[in-house]
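Computed from heavy atoms alone, side chains included, the values below leave out hydrogens, waters and symmetry copies. The first residue in the sequence is number 1, and the count goes up from there.
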Amino acid sequence: MAEISNNDGSASCLVDDSGNMLNNFLNNLPEIVSVKTEDSILQKVSEHIRCTATKSNDEIQENDVELNTEGNVEANGKEDHRAELQKQVEIGEITPFEAVFKQSTLEQKEGTTNKGAQSFDLEKYFKQQAALAEQKKKLKKPSKTPDKDHSPPVKKTKLPSTDAKVNKKCQKSRHENSKDDTPQSIDKADSNVAIADSSSESEYIPSDDELDFDVEDKASKRRKTAVKSGYTRIKRTRDDGDNKLFKQRVETNTYPKDEAMHEINTLFKVPLCIWEKLYRYQRIAVQWLWELHGRKLGGLLSDEMGLGKTVEVIAFLAGLDCSELLSHNGRYRGLGPTIVVCPATLMEQWVKHFHEWWPFFRVVVLHHSSGYNGDPESLIESLQTGGILVTSYNGVLKHKDLLVSSQWHYVILDEGHKIRNPQAKVSQAVKRLSTPHRLL
């Protein structure tokens, strides 16, 4: 009995200890704020995900708007820069080569910083193209059965109306009337010619004295009109066909050859006495011609009439002559043999301009009005060391074999529209001239 009581006492002690521990644990627990079910928790999580998704979409849209605005600003800036360069070229402040160089340098600078933006734009473009392709596939579904309602249209035969018949009859009657009237008009014309011939026939024949008197009377009238109007005959400009006369002209000329030079760059320079007389657009034209020469290209001077294209060419040729550069594989130093092809009415004008702007060129005209009376072959051989040959388009045809067999440093065509027809003999002859440089 004693053992049983001891066991009961130990069991009651254990129960008391466990009760104390449970009370302590409950006292240490935090307060329960709310009780939530599984459905409410899932709903709250889904709402949170939706909110974050909408926020991210809004941020993406804002970034796209910012990128678009930045892209538009950059595009507008590029367009403004191109327009400004084009305006400078049109005004004559810079040459087209300088405009291309400035645009390329700007694009290279921007290309190093905008590679990431370009790749992003490219990916966006590919996505848009893929979406458009899917839309087209959905829209273009081939129909297997033909539609019964849409039958091919039947052509209706047009019946001639009464108005068309009446118009045809009127046209036939007018044609017949015109045929009937033609012989009458021819008869009238013949009768008029006969009357004129009969009236022109006269038996009176003037004597020799009367004819001489009429000629003297006309000459005196011309002299009187010339004196009244104050007309004085202009002295013609002679070319340098005679080499002795050319040397005398250069010796007696007061034009300063050893004058200072205007340096366009380290290689090309133009006499300062010519450069100061040029307008701003003419200086840009001379610089452009030099850039063409450096790239071994031809050029087309398309300035308006009267703006001084002849002066621009002469200033450029004078610059080549003074720069004394080796060209054509060392064949020429400075300016080599040059041929100027122009209409016959402009040959004297070219000679005059050369003598005024740079008289140290020997300018010879290949024409019957030239001061050279020898063989054309010997004349061209004398110009191979340097000189200007001025001839007409007919002169090119006349001396085609001789001019084509010679080597020319520059070929300059004035009034280049003369060779607009590629099938013409003049065009084919001019294109056969061997030269590394051509100017129109």
Side-chain angles (χ1 to χ4, degrees), residues 236-251 293 296 298 310 313-314 316-318 320-321 324-355 357-416 418-419 422-440:
R236 293 189 62 183
T237 304
R238 296 184 62 183
D239 64 334
D240 301 324
D242 191 352
N243 199 10
K244 294 180 180 179
L245 294 176
F246 164 65
K247 291 179 180 178
Q248 290 177 4
R249 183 176 61 81
V250 173
E251 290 175 358
H293 179 84
K296 296 182 180 180
T310 306
V313 173
I314 294 171
F316 169 67
L317 296 179
L320 285 180
D321 186 43
E324 296 183 352
L325 300 173
L326 289 173
S327 58
H328 203 55
N329 297 325
R331 184 169 186 172
Y332 308 123
R333 177 177 287 278
L335 181 65
T338 303
I339 181 170
V340 177
V341 185
C342 64
T345 55
L346 299 178
M347 290 191 298
E348 186 179 354
Q349 181 181 351
W350 272 94
V351 175
K352 184 179 178 181
H353 280 301
F354 270 112
H355 288 178
W357 287 86
W358 196 243
F360 304 102
F361 284 136
R362 186 190 175 194
V363 186
V364 184
V365 175
L366 185 59
H367 194 256
H368 61 81
S369 62
S370 172
Y372 183 78
N373 297 322
D375 187 14
E377 187 175 356
S378 60
L379 173 63
I380 293 174
E381 286 180 359
S382 65
L383 294 175
Q384 290 302 310
T385 55
I388 312 293
L389 181 69
V390 181
T391 186
S392 63
Y393 287 94
N394 290 329
V396 173
L397 285 177
K398 186 177 179 181
H399 306 283
K400 179 175 67 175
D401 297 333
L402 181 60
L403 296 175
V404 169
S405 61
S406 302
Q407 296 289 331
W408 302 98
H409 192 189
Y410 260 89
V411 172
I412 299 166
L413 302 181
D414 194 4
E415 302 292 338
K418 297 285 185 181
I419 61 167
Q423 303 299 328
K425 292 181 180 180
V426 180
S427 303
Q428 294 175 0
V430 168
K431 290 176 182 178
R432 288 181 60 191
L433 296 173
S434 57
T435 177
H437 306 284
R438 297 176 189 269
L439 294 177
L440 272 77

Here the gap from S369 atom OG to M347 atom CE, rounded to the nearest 0.5 Å, amounts to 4.5 Å

Would you say the side chain of Y410 lies within less than 4.5 Å of the side chain of V313, judging by non-hydrogen atoms?
-> no

- Item | Contact check, side chains of R432 and Q428, non-hydrogen atoms, under 4.5 Å | no

When rounded to the nearest 0.5 Å, the distance separating CD of E377 from CG of D401 is 11.0 Å

* Asked: Can you check whether T310 reaches W357 side chain to side chain, under 4.5 Å on heavy atoms?
  -> no

Rounded to the nearest 0.5 Å, the CG atom of L320 sits from the OG1 atom of T338 at a distance of 8.5 Å

Interatomic distance, CH2@W358 vs CG@L317, rounded to 0.5 Å, equals 12.0 Å

query: Can you check side-chain contact (heavy atoms from CB on, under 4.5 Å) on R362 and S382, steps first, answer last?
result: CA-CA 10 Å; R362 186 190 175 194; S382 65; 3.5 Å; yes

With I388 as partner, the option from I412, V365, D240, L335 fulfilling side chain to side chain contact (heavy atoms under 4.5 Å, CB included) is L335

Between the NZ atom in K352 and the CG atom in D239, the distance rounded to the nearest 0.5 Å is 15.5 Å

| said: Less than 4.5 Å apart, side chain to side chain, heavy atoms only: is that true for L346 and E415? | reply: yes

NE2 of H355 to CZ of R249, rounded to nearest 0.5 Å, is 3.5 Å

query = Under 3.5 Å, is there a donor-acceptor pair between the side chain of S392 and the main chain of C342?
reply = no

message: Between W408 (side chain only) and L403 (backbone N and O only), is there a donor and an acceptor less than 3.5 Å apart?
response: yes

Scanning both residues in full, the closest heavy-atom pair of H437 with T435 reads O-OG1, 2.9 Å

In terms of heavy-atom contacts, S427 and K418 come closest through OG-O, 4.4 Å

Side chain proximity check, I339 to L383, heavy atoms < 4.5 angstrom:
no

### Query
Is there side-chain contact between V426 and L397, with at least one heavy-atom pair below 4.5 Å?
yes

- Side-chain contact test, heavy atoms from C-beta onward, threshold under 4.5 Å: evaluate it for K431 versus P422 and give yes or no. yes

What one should report as the nearest heavy-atom pair of H409 and H293 is NE2-CE1, 4.1 Å

For S434 and S406, the nearest pair of non-hydrogen atoms, with its separation, is OG-O, 3.0 Å

Within 6.0 Å of CZ in R238, more than 12 heavy atoms from elsewhere: no

All heavy atoms of V364 vs all of G241, minimum pair found to be CG1-CA, 4.1 Å

Do the non-hydrogen side-chain atoms of L366 and Y372 ever get within less than 4.5 Å of each other? no

